[in-house]
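Below is one structure, written out as structure tokens; the observations come after it.
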Amino acid sequence: MSVMTVGFVGLGAMGRGMAASLLAAGHPVRVWNRSPGPVEELVAKGATAAAGLAEVYDSEAVVSMLPDDRTVEALLLDGALLAGARAGVHVNVATVSVALAERATALHAEHGIGYVAAPVLGRPGVAAAGELNVLAAGEAAQLERVGPLLAAMGRRTWHFGDRPVQANTAKISANFLLACAIESMAEACSLAEANGVRPTDLVEMLTGTLFPGPVYSGYGSMVAERRYEPAGFRLPLGLKDVGLALSAGEARNVPLPFGSVLRDAFLDALAHGDGEKDWAAVAAVARRRAGLPD
């Protein structure tokens with residue numbers, strides 16, 4: 001295995017597990033985060049605390065897991081930072097917009113730094129186990145170069161092309177489909193409950209017949225049991241991803257009529273104080289529309 005020094009930015013619920021997986025695979029990791037607690041946790045596992053982003057970019061490769069476009073833009077799309085970087089490649093594993101992916105690709109190319117988009121599918125426990133599915137795109141040579149890093153963080157890497165934006169588009173599409181699945185389960189469970197059927201019984205039947213697999217079994221049980229905490233993926237992030245899908249569709253004249261319904265449902269959930277809950281809490285909106293008790 002090719003070992004390289006990795007600078008890791010963003011130690012949230014997902015990033016902590018991913019950085020730990022890189023350490024477990026034998027890569028020296030320098031970590032940076034806006035709050036110190038997660039840094040101390042990773043240092044205890046063998047990482048080195050970076051004094052700043054310039055030190056992160058003094059590594060052979062950089063991996064970043066930041067929450068949204070605004071944060072990536074503010075912290076990492078900095079010409080001065082990239083101009084002084086020793087890093088040969090940046091792997092962005094976050095879910096970001098199509099527009100940001102294109103800007104990031106161009107800016108890194110200006111400074112002679114490779115850029116790979118590798119957003120992931122999986123919740124924090126999956127990240128901690130190194131079992132993520134990695135959706136990757138970028139120049140073939142760069143993908144080969146960072147292959148050991150992706151393999152350390154995930155159980156499989158899915159390749160979507162030689163342009164980083166292709167991986168981001170695939171991830172946005174996947175999360176849009178997940179949001180649609182949660183909404184459809186919420187509506188079906190509300191219909192069942194309103195007619196005297198226990199939602200848990202409905203979900204057990206569905207996941208044992210028509211819809212086996214982790215999405216319907218995992219989110220289906222959360223919806224049926226109204227179990228939205230602790231949050232594996234917070235509701236505001238779900239709203240963000242629905243917005244990314246709508247923006248990507250608008251840019252290419254692709255109508256996403258369900259997207260508008262989802263956006264309003266997520267806004268309704270936020271207006272009712274569910275912002276710290278899992279995005280499965282959007283199911284509470286379907287219950288309110290059906291006049292079911294809280």
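Note that these values count all heavy atoms, side chains included, but never hydrogens, waters or copies made by symmetry.
- Inter-residue side-chain proximity for N175 and L121 is flagged as met; some heavy-atom pair is nearer than 4.5 Å.
- A donor-acceptor contact shorter than 3.5 Å links the side chain of S59 to the backbone of V56.
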Quiz: residues 136-162 side-chain donor-acceptor pairs under 3.5 angstrom, not counting sequence neighbours:
unit_1	atom_1	unit_2	atom_2	d
W158	NE1	N133	OD1	2.8

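- Under the 4.5 Å side-chain criterion, counting only non-hydrogen atoms from C-beta, V9 is not in contact with M65.
- A continuous path of Ile, Leu, Val, Met, Phe, Trp and Tyr side chains, each step under 4.5 Å between heavy atoms, connects V134 with V89, placing both in one hydrophobic cluster.
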Under 3.5 Å, which donor-acceptor pairs do the side chains of residues 106-118 form with other protein atoms, sequence neighbours left out?
unit_1	atom_1	unit_2	atom_2	d
H108	ND1	A104	O	2.8
H108	NE2	H90	ND1	3.0
Y115	OH	N92	ND2	3.1

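- Here the side chains of V98 and S247 are not in contact, with every heavy-atom distance at 4.5 Å or above.
- Considering every non-hydrogen atom in both A284 and D274, the closest pair reads CB-OD2, 4.3 Å.
- Distance alone, capped at 3.5 Å, is enough to place a donor-acceptor pair between the K171 side chain and the V120 backbone.
- Counting only residues at least two apart or on different chains, no ring pair (Phe, Tyr, Trp, His ring centres under 6.0 Å) pair has a member in residues 50-78.
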Please report, to 0.1 Å, the donor-acceptor pairs under 3.5 Å made by any side chain of residues 72-82, with sequence neighbours excluded.
unit_1	atom_1	unit_2	atom_2	d
E73	OE1	R103	NH2	2.6
D78	OD1	A80	N	2.8
D78	OD1	L81	N	2.9

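- Taking CZ from F258 and CG from L246, the interatomic distance works out to 13.0 Å, rounded to the nearest 0.5 Å.
- Side-chain contact between T105 and V165: absent, with no pair of heavy atoms (C-beta onward) separated by less than 4.5 Å.
- Transitive grouping of hydrophobic side chains (ILVMFWY, heavy atoms separated by less than 4.5 Å) brings L202 and L210 into a common cluster.
- Atom OG1 in T200 sits 7.5 Å away from atom CD in E204 (nearest 0.5 Å).
- V6 and L22 make their closest contact through CG1-CD1, 4.0 Å (heavy atoms, listed as atom of the first residue, atom of the second, distance).
- Between the side chain of D278 and the backbone N or O of F233 there is at least one donor-acceptor pair closer than 3.5 Å.
- Contact detail for E60 and M4: the closest heavy-atom pair is OE2-CA, 3.3 Å.
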Identify each donor-acceptor pair in which a side-chain atom of residues 213-228 lies under 3.5 Å from a protein atom, sequence neighbours left out, and give them as a table.
unit_1	atom_1	unit_2	atom_2	d
S217	OG	G213	O	2.7
Y219	OH	R123	NH1	2.7
Y219	OH	W279	NE1	2.8
S221	OG	S217	O	3.1
S221	OG	G218	O	2.8
S221	OG	R227	NH2	3.0
E225	OE1	R227	NE	2.9
E225	OE1	R227	NH2	3.4
R226	NH2	D294	O	2.8

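- Cluster membership check: L53 does not share its hydrophobic cluster with F8, using side-chain heavy-atom separations under 4.5 Å among Ile, Leu, Val, Met, Phe, Trp and Tyr.
- Pairing each heavy atom of L235 with each of A269, the nearest pair is CD1-CB, 3.6 Å.
- Between R234 and A231, the shortest heavy-atom contact is CG-CB, 3.9 Å.
- Put simply, the side chain of R86 gets close to the backbone of D58: a donor and an acceptor are under 3.5 Å apart.
- Rounding to the nearest 0.5 Å gives a distance of 6.5 Å between CZ of R34 and CG of L66.
- Under the 4.5 Å side-chain heavy-atom criterion for ILVMFWY residues, a single connected hydrophobic cluster contains both M18 and V91.
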Give the table of side-chain donor-acceptor pairs shorter than 3.5 Å for residues 177-197, with sequence neighbours excluded, one pair per line with atom names and distance.
unit_1	atom_1	unit_2	atom_2	d
E183	OE2	R289	NH2	2.7
S184	OG	C180	O	3.3
S184	OG	A181	O	2.8
S190	OG	A186	O	3.0
E193	OE1	R287	NH1	2.4
E193	OE2	R287	NH1	3.4
E193	OE2	R287	NH2	3.2
N195	ND2	L191	O	3.0

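- Of the possible donor and acceptor atoms, none in the side chain of K45 sits under 3.5 Å from a partner among the backbone N and O of A19.
- In terms of heavy-atom proximity, G12 sits nearest to N33 at N-OD1, 4.4 Å.
- Both L42 and M14 are part of a single hydrophobic cluster, where members link through side-chain heavy atoms under 4.5 Å apart.
- Looking only at side-chain heavy atoms (C-beta outward), W32 and E55 stay at 4.5 Å or farther from each other.
- How far CD of E276 is from CD of E229: 8.5 Å, rounded to the nearest 0.5 Å.
- The backbone N or O of L100 lies less than 3.5 Å from a partner atom in the side chain of S97, making a donor-acceptor pair.
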